Asker: 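Submitted below is the structure of interest, expressed as structure tokens.
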Amino acid sequence: MHAIRRLDLGYVVRPAAEAGGPQPRVEPVLAYLVRRPEGLLLFDTGVGGGDPETEAHYRPVRRPLPEALATAGVALGDVDLVVNCHLHFDHCGGNPLLAGTPVLVQAAELAAARAGDYTIDALVDFPGADYRVLDGEAEVWPGVRVVPTPGHTTGHQSVVVERRDGAVVLAGQAYDFASGYGSAVLARRAALDGVAQPLPDYPRWLDRLASFGPRRVLFAHDNAVWEPSAG
């Protein structure tokens, strides 16, 4: 059985202009540990140190990655593989602490991050950075697969962990909220059922995720979990 453990790495305050309402929104920053016979995979690494403008904009409150790992009985040196859903500063912030550990990233994402005006540059290229660049879907270990889920960024990716009781998807920021993901799943269902247009659009990568029959979908900025309807 694949053991999956959620890690609380603090939170950010998203300004009202980005939150889509009259008030700012406080969002958790979550990472996930996947323990397998092949090793220990860490999906996302928390909020990195930003420049003064970024700090003032998002007002992050960080929980240090070593502290969060310790709650799971794990140290930095125990991590065998890192997967970042994307390279914004609130998802790859702990990567420099894991210098020498392979980091899986989509080629499009790494190119965007290195083009500038995208993230905190020091969190991308740091001494000991060891990127393993992917161009599309890849099976990382048996039953653990990286699947591109572009939208939030061009190179966004998620991880599918296949288990005896059903697949778990670590969706990162493919959607901000479980409810948004659920709405997209229903839009896809309506389209497949032949309901007449107009219908909401949905990303075509949902077809690929659906092929795994996910039983749970977990997110980077939402403690809620999506599960399929019973029956």
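This structure is a prediction, so every number in the text was calculated from the model and none was measured. Just the heavy atoms: all of them, side chains too, but no hydrogens, waters or symmetry mates, feed the values below.
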Asker: Under the side chain to side chain contact (heavy atoms under 4.5 Å, CB included) rule, collect the residues that match up with Val61, sequence neighbours excluded.
Answerer: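 Val61 satisfies side chain to side chain contact (heavy atoms under 4.5 Å, CB included) with Tyr11 once adjacent residues are dropped.
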Asker: Going by side-chain heavy atoms closer than 4.5 Å, which hydrophobic residues are tied to Val195, directly or by a chain of links?
Answerer: Leu199
Asker: Can you list every ring-ring contact (aromatic ring centres under 6.0 Å, His included) pair that touches residues 193-224, not counting sequence neighbours?
Answerer: His91-His221, Tyr181-Phe219
Asker: With sequence neighbours excluded, tell me which residues meet salt bridge (Lys or Arg N to Asp or Glu O under 4.0 Å) with Asp80.
Answerer: none
Asker: Taking only residues two or more places apart in sequence or in another chain, which ones pass side chain to side chain contact (heavy atoms under 4.5 Å, CB included) with Arg189?
Answerer: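 Expected list: Leu186, Asp193.
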Asker: Any pair with a residue in residues 34-63 that passes ring-ring contact (aromatic ring centres under 6.0 Å, His included), sequence neighbours left out, goes on the list, sorted by first then second residue, please.
Answerer: Tyr58-Phe89
Asker: Of all residues at least two apart in sequence or in a different chain, which pass the salt bridge (Lys or Arg N to Asp or Glu O under 4.0 Å) check with Arg59?
Answerer: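 Arg59 satisfies salt bridge (Lys or Arg N to Asp or Glu O under 4.0 Å) with no residue once adjacent residues are dropped.
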Asker: Who are the salt bridge (Lys or Arg N to Asp or Glu O under 4.0 Å) partners of Arg5, not counting sequence neighbours?
Answerer: none
Asker: How would you list, by chain and number, every residue that makes a side chain to side chain contact (heavy atoms under 4.5 Å, CB included) with His152, sequence neighbours excluded?
Answerer: His86, His88, His156, Gln173
Asker: Please say which of Leu123, Val103, Val105 ends up in a side-chain contact (heavy atoms from CB on, under 4.5 Å) with Asn84.
Answerer: Val103
Asker: So which pairs with a foot in residues 140-160 pass salt bridge (charged side-chain N to carboxylate O under 4.0 Å, His left out), sequence neighbours left out?
Answerer: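 Every salt bridge (charged side-chain N to carboxylate O under 4.0 Å, His left out) pair that includes a residue of residues 140-160, provided the two are not neighbours, is Glu137-Arg145, Glu139-Arg145.
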Asker: Go through the structure and list residues passing side chain to side chain contact (heavy atoms under 4.5 Å, CB included) with Ala68, not counting sequence neighbours.
Answerer: Leu7, Leu9, Arg63
Asker: Filter on ring-ring contact (aromatic ring centres under 6.0 Å, His included), then keep only pairs touching residues 15-41, sequence neighbours left out; what's left?
Answerer: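 Found none.
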